[in-house]
Amino acid sequence: STKDPNRKRLQCGFSYTHTPFPMNSICAESFTTRAALTPVRFDGAGLRAARPAVAGSRCTSRRFKVVAAGPPSASSSSVSTNEKLKYDDLVNYIASGCKPKDKWRIGTEHEKFGFKRSDNSRMGYDEVQKLLYGLRDRFGWDPMMEGDTIIGVTQSGQSVTLEPGGQFELSGAPLDSLHKTCAEVNTHLYQVKTIAEEMDVAFLGLGFDPKWTVEQTPIMPKGRYKIMKNYMPKVGSMGLDMMFRTCTVQVNLDFGSEQDMVEKFQIGLALQPIATALFANSPFKEGKPQGMVSLRSHVWKDTDNNRTGDLPWVFEPGMCFARYVDWVLDVPMYFIYRNGVYLDATGLSFRDWMEGKCPLVPGEYPTLADWEQHLSTVFPEVRMKKFLEMRGADSGPFRRICALPAFWVGLLYDDQAQQEALAMISDWTSVERAALKSEVSFTGLRTKFRGGTVQDLALEALRIARGGLERRGMREETFLDTLQENAESGMTMADQLLLKYNNEWEGNVDRVYAEDSIYLY
């Protein structure tokens with residue numbers, strides 16, 4: 001229980017039970033990519049990441065490492081499946097992400113819709129696997145396999161993976177500047193476009209599929225997605241929309257201590273609706289406007305309330321790593337991965353499994369690798385692993401991909417900016433935060449807040465972020481210019497799309513797929 005008076009808040013470099021961790025024994029790379037969920041070994045000295053397993057080599061003219069794409073099996077963790085995982089192990093796992101400021105990195109992820117130029121329909125797995133093998137053969141990426149099926153590629157800390165409906169995702173490497181992040185994105189788009197053009201395929205940067213239904217969207221051959229597709233309609237009305245028809249851009253950021261994590265978490269949750277408004281880019285569904293500027297963010301409101309929500313307790317006294325662990329432990333599981341197979345664990349309890357009471361694997365206990373997997377199945381707008389993920393933005397054109405990390409790095413990677421942002425939100429009530437989150441999906445920058453609007457909040461947040469980037473001294477503040485234009489005009493990208501739809505497009509949403517569309521990659 002977190003109410004135990006002997007339990008204390010954890011500071012970076014110490015375990016939750018206050019056994020000192022030498023700083024150099026803490027996991028140096030806090031970012032996990034979706035290249036393969038990295039096994040984590042635990043010993044008395046602390047946590048460290050293991051190397052991804054190599055399943056073998058594909059027989060081609062050049063040698064490629066074939067990476068197991070699923071979560072590691074129980075045997076890949078030194079915490080065996082017949083040995084109990086302790087509560088403190090779960091807390092220490094997250095806390096091991098603490099880093100000194102000079103080791104903080106930026107990890108950017110972005111998704112995009114692939115479509116066939118012939119009829120604008122979503123690309124299926126046939127096109128997907130050609131793209132992935134093209135990245136392997138032409139640009140030297142290592143294939144990620146689930147059995148005999150390629151479901152992604154990985155290279156130098158980056159991975160390209162598939163969302164349930166074939167949304168193509170780049171999970172970038174942890175980098176130390178926004179310039180490197182933007183260069184990484186540019187390289188990725190060049191490589192993908194080079195291959196896609198030969199296949200008459202292109203990519204669209206929007207937050208929600210503007211045309212196609214769930215039934216018209218192909219499902220990718222990943223074991224976990226079949227389980228999720230069957231489960232989602234049982235817990236919410238829009239879970240399948242989330243899986244198959246949304247695209248986002250997010251940034252992963254480090255923290256230096258438990259207190260630093262708390263401040264960043266609170267700022268991230270409070271200002272996430274501001275990011276949603278600035279990046280709003282999903283007004284259409286099945287060819288028609290929906291009365292919203294960010295349909296993607298609205299979908300999360302009835303996806304699965306057990307694993308989403310406002311997390312008001314983050315703002316309460318006593319927020320700490322253990323409090324987040326308690327919440328995640330109460331979220332039902334999706335699946336357990338054993339011997340290359342995803343077992344349907346929907347509705348089962350991770351807490352019970354820690355006591356050896358999981359009927360799918362009787363007498364067996366979870367590993368830290370299983371805990372890492374479970375952490376990835378909760379979906380708040382700020383998610384914590386060994387780092388914090390900012391998850392509130394619609395996908396968009398190239399410039400917007402670079403703008404999202406710029407916004408959050410400016411706010412959270414400079415001490416003065418972080419304190420200014422904390423002061424900005426310090427007297428916001430839980431009711432006000434919840435109202436902002438709910439209403440920006442519909443009214444974006446025009447959303448009312450106290451005596452003003454979200455446009456006013458966006459201008460203030462951008463002022464703080466720009467100051468933070470300027471003090472970093474890397475000339476990164478120009479990445480905010482596209483957001484500044486939206487904030488000053490009060491027009492989101494969705495507002496601009498709706499103007500085009502109602503005027504020059506004459507009500508034809510297919511125009512968003514046109515050659516001259518700025519939403520194409």
Side-chain angles (χ1 to χ4, degrees), residues 1-3 9 94 235-236 238 242 248 250 253 255 258-280 292-294 296-331 375 378-384 388-393 407-408 411-412 417-461 464-465:
S1 168
T2 56
K3 295 180 180 178
R9 289 169 65 82
I94 295 176
V235 292
M238 295 187 280
M242 179 277 292
T248 187
Q250 72 176 51
L253 299 175
F255 43 78
E258 185 169 61
Q259 181 57 38
D260 185 48
M261 174 278 293
V262 172
E263 292 182 1
K264 285 179 165 64
F265 210 139
Q266 291 176 348
I267 294 167
L269 281 178
L271 294 185
Q272 209 65 225
I274 314 309
T276 298
L278 284 168
F279 286 84
M292 303 180 206
V293 293
S294 179
R296 181 207 59 82
S297 64
H298 177 71
V299 158
W300 283 107
K301 290 161 191 163
D302 195 22
T303 288
D304 181 348
N305 290 334
N306 286 318
R307 62 192 78 239
T308 60
D310 301 334
L311 311 191
W313 43 266
V314 170
F315 298 87
E316 296 173 357
M319 170 57 188
C320 56
F321 290 122
R323 181 66 186 86
Y324 189 81
V325 167
D326 288 340
W327 177 67
V328 177
L329 281 173
D330 288 333
V331 174
L375 284 169
V378 298
F379 307 123
E381 289 192 325
V382 178
R383 180 166 64 185
M384 183 159 58
L388 293 172
E389 300 176 350
M390 302 295 157
R391 297 165 40 85
F407 180 72
W408 290 112
L411 290 170
L412 300 178
Q418 183 164 317
Q419 292 310 305
E420 289 180 14
L422 202 61
M424 177 181 173
I425 66 164
S426 61
D427 65 343
W428 295 6
T429 68
S430 60
V431 173
E432 287 175 325
R433 291 192 301 268
L436 276 178
K437 180 181 175 184
S438 176
E439 292 168 15
V440 293
S441 302
F442 294 88
T443 48
L445 292 169
R446 296 186 298 277
T447 303
K448 302 295 184 183
F449 184 80
R450 296 182 176 175
T453 65
V454 165
Q455 181 181 7
D456 302 317
L457 298 178
L459 288 166
E460 176 62 6
I464 296 171

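Residue numbers count from 1 along this sequence.
Qualifying side chain to side chain contact (heavy atoms under 4.5 Å, CB included) partners for Asp260, counting only residues two or more places apart in sequence or in other chains: Trp104, Phe255, Ser257, Lys264, Gln418. Scored by the side chain to side chain contact (heavy atoms under 4.5 Å, CB included) test, Thr429 finds Val431, Glu432 as partners (sequence neighbours excluded). Listed by chain and residue number, nothing satisfies the side chain to side chain donor-acceptor pair (under 3.5 Å) test with Thr303 (two or more places apart in sequence, or in another chain).
Between the Glu258 side chain and the Phe321 main chain, a donor and an acceptor come within less than 3.5 Å of each other. With Arg391 contributing its side chain and Pro380 its backbone, the two residues share a donor-acceptor pair below 3.5 Å. Listed for the Arg296 side chain is a donor-acceptor partner under 3.5 Å among the backbone atoms of Gly392. Remark: the backbone N or O of Val440 is not paired with any side-chain donor or acceptor of Thr443 at under 3.5 angstrom.
When all heavy atoms of Asp310 and Ala434 are compared, the closest pair comes out as OD2-CB, 3.4 Å.
Taking the six-membered ring where tryptophan is involved, the planes of Tyr324 and Trp313 are tilted, since the angle between them lies from 30° to 60°.
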- Please walk me through it: do Phe315 and Arg433 pass side-chain contact (heavy atoms from CB on, under 4.5 Å)? CA-CA 11 Å; Phe315 298 87; Arg433 291 192 301 268; 3.3 Å; yes

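Electrostatic pairing of Arg450 and Asp427 counts as a salt bridge here, judged by a charged N lying under 4.0 Å from a carboxylate O.
Lys437 has its side chain out of reach of Gln272: every pair of non-hydrogen atoms, C-beta onward, lies at least 4.5 Å apart. The shortest distance between side-chain heavy atoms of Ile94 and Met261 does not fall below 4.5 Å.
Aromatic rings of Phe449 and Trp428 (six-membered ring for Trp) have centroids within the 6.0 Å cut-off, being under it.
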